[in-house]
Amino acid sequence: MAAKKSAHRIKRVPTLDDIFAAMAAASVGDTTARVAVPDDPPLDDTATKFAIALNLLLNDLALQSSEREQTLQALRTSEERLQQIIDTALDAVITIDDQSRIIGWNNQAEIIFGWQREQIMGQYLYETIIPPQYRRAHRAGVKRFLRTGEGPVLNRRIELTALRCNGDEFPIELAITPARSNERLIFNAFVLDITARKRAEEQIHFQANLVANVSEAIIATDLQFIIQSWNPGAEAIYGWTAAEVIGQPLTKFLQIEFVDNTHEKSVPSIQERAYWNGEVVQSRRDGTKIPILSTVTALKDREGKPLGFVAVNRDMTEHKQAEKELAEALEREKLARAEAEAAKEQISFLAEASGLLTETFDYLGRLKQVAEIAVPRLGDWCAIDVLDADGSAHRVAVVHSDPAKIELAYDMARRYPTDLNAPRGLYHVLRTGESELYPEIPDSILVASAKDAEHLSLMRSLGLKSAMIVPFHARGQNFGAITLVAADSGRRYTNRDLELIQDLARRAALLIDNARLYQEAQGLNAELEQRVRERTALLEAANKELEAFSYSVSHDLRSPLRHISGYVQLLQMRKSDLDAKSLHYLDTIADAARRMGALIDDLLAFSRIGSAEMHRTTIRLGELVHSSIAELQPETKGRKIEWVIAPLPDIQGDPSLLRLVVSNLLSNAVKYTRPRREATIEIGSTADTRESVIFIRDNGVGFDMRYVDKLFGVFQRLHRAEDFEGTGIGLANARRIIQRHGGRTWAEGELDRGATFYFSIPK
Amino acid sequence: MADLKRILLAEDDPRDIELTLTALEENNIANEVVVVRDGAEALDFLHRRGAYSARPQGNPAVVLLDLKMPKVDGHQVLREIREDPDLNTTPVVMLTSSREESDLVESYQLGVNAYVVKPVDFSEFMVAVKEIGLFWAVLNEPPPGAIRRKP
């Protein structure tokens, strides 16, 4: 039964049911439930008394409930507001319980760390956002706080790093405060992502470092030139410390001297363009002046309002020093290079000139070439003079790079011939063989040597500045000289130059000497050759005569012989008319005639040997011997001859002539062993490096060694004609032939034991 | 031919002539032997001129030519013989005492048919002459006589 709204309209006394109904309604939350009680209630009725008491109670309850409602509402609002603060905070607000489980995670935490609330709620802080290196410390810290109540990191701002959801570590500023919530301990952490701030800090730190570490002085002043900043570089350069100068006027310390008139430009420059750059000279604390390269810029704030000035000054002392040294070094290098070039030129000239001075054949031409290559490598002028054998000098070469100057020189030489007896100069050098060096030819010398004003002006126009005259001296003789003059090229001859040229000059002297000696030798040779030619002509004439003679002999001598022989035979044919003695005489005559014929033939052959042409070739001696033996077959037929032939070498010579020798010796051996029943003829050879020696040994009748000299004579015989035929010319022939081959012939023998004949043939 | 094979002997030395003729006789080489005493005569004979302009026609079967002769020597005669179309086929034997190589060379170059060196030994000489004679004047067929032209 629904409670009535207004109890005072009811006039009846409340019943137990009404009381229970009201209690029931109130228990379910109806704050308006009351028991209806009349306006004037009987105070002795228990139910009424109970109902009035209940109504009082219910009123209280309703009031309480309404108060509670209000409190709850306020609480709720308060909570909401709190949550809003947390949610809209720009810090990440993270709350963890005493187990480090995450129980609070705001929007900013989501943004900073990347974890979504749903993902991370309930997870352990040290498994998520705390980087590994801090995890232990975190858990230990929590435990400590729980135990001791101490937390050094709590309630203050600290800087750490944290992990984003993707694993990146980044710097954070952290404040942790402990709190109680429902008797449980919780920690609230307020986290700021300070990545950007850190970067900015680093930049500033870096720049501050720069300023501190550069060697340049960086000075900042305000608009009144009061020093605001003075870096270590400035301290080093100028000598004052920052503490000494900051807050003081700049001009108290730095005296500035402007180089050139740049200072006039400096102020306007700064005023107009907020910039000036230039070299100045400043003084240090100790007074020394140093060159400074200064760059001044105006300092402005963010709105462009001028704040002051910044000067960046570099100490140029070292730089200037380095510049100076570099310039000096370059200068030295230039000089050295020029010297090296000059030396190279000299060496190349010497090499070339030496190369030229090797050919004696055209030594004058070569000397000329030397002069040509000397210009311009060694100087502007070069002249070479040669002394003839008779002592007169003549100029072999004059070279100048400008032909007009040569003309001039000749002209001058013609008009003002050099004094041959001058104490200096070319002729003196040629006479004495002493070099002359004029490193500088001052005008005074020209003046002294000039014969007249025109001569002087001519000499001047030749532009002679430095000269040297070096003689060609060798074997105590002077052969000439080389003159080198430098004019416009600016070179100056030194002792070193002189030494180098002297070496060359010696060579030139030797060349000329050699050439002259050679010419002499040539001349002598020519003479000799002429004499040889004459002699040869004579010999040829003699030969021709001999040939004519031989011809004559062969023809004219033989004819009478033939006649004698002929008529004798005719007579012999008339046997019947002649007696025995007459016939004998006729035989004798015929025989004599025959022998005379043989003699004539041999003589002719002998004479021809001298003039016969020799054809030199390699002869196989073994074959020659064998074929000669074969040719002797008529003589050897029917005879017992033992031939002992050793291996014979090859020899160099004329085959037909040597065949004559071999034939002759073999036939002699055969002939003179005729009395022997068994003849032994031995043929062998020995050899050394120079010649081969061949011998033919027989066991024939031999000869008396007393007459060995006669053996090889013309027509000499050691045996009687009736014993052994022969004209005695064979060995003479052999000797002559061997002689023509450059060899020797000799023999050994013993009467009745045999003979050995030797001949040698050079290799 | 009707002519007997004539031998022309050109030799200046009378002894050599006698010896040669004797040698020929001894060997019964009965040909007519015409003897001329020098090269000029030889040529006159061959050309049928001068003293020999009336000689009967016909070239000799062989000319025995000595080298060393006065006036015209053997080589010159040989040269002329070989250069004359009427005579150039005539066999010529150089019969000389010279064994000089130059003479040999010259003779053969000029076209001699044979070159015989007179042996010093007479018996050998006889043999040589016999053999020359037998060969050239008996055995050998001389070239047919050239057509004569009246000079």
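Reminder, nothing fancy here: chain letters follow the sequence lines and each chain counts from 1. For clarity, every value in this text was computed on a predicted model and none was experimentally measured.
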Give, for atom [atom1] of [X] and atom [atom2] of [Y], the distance between the pair rounded to the nearest 0.5 Å.
| X | Y | atom1 | atom2 | result |
| --- | --- | --- | --- | --- |
| A:Q569 | B:T22 | CD | OG1 | 11.5 Å |
| A:S565 | B:M126 | OG | CE | 10.0 Å |
| A:I564 | B:R15 | CD1 | CZ | 9.5 Å |

Which portion of A:M573 sits near chain B, non-hydrogen atoms under 4.5 angstrom: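 Only the side chain of A:M573 comes within 4.5 Å of chain B.
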Are more than 12 heavy atoms from other residues, nucleotides or ligands located less than 6.0 Å from atom [atom1] of [X]?
| X | atom1 | answer |
| --- | --- | --- |
| A:R533 | CZ | yes |
| B:E101 | CD | no |
| A:R639 | CZ | yes |
| A:K575 | NZ | no |

Ignoring hydrogens, what is the shortest heavy-atom contact between A:H563 and B:D13? Give both atom names and the distance.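 The pair with the smallest heavy-atom distance is CE1-OD2, 3.0 Å.
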For A:R562 against B:S97, the heavy-atom pair lying closest together: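 For A:R562 versus B:S97, the nearest heavy atoms are NH1-CB, 3.2 Å.
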What part of B:D16 gets closer than 4.5 Å to chain A, counting heavy atoms only: side chain, backbone, both or neither?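 For B:D16, heavy atoms of backbone and side chain both lie under 4.5 Å from chain A.
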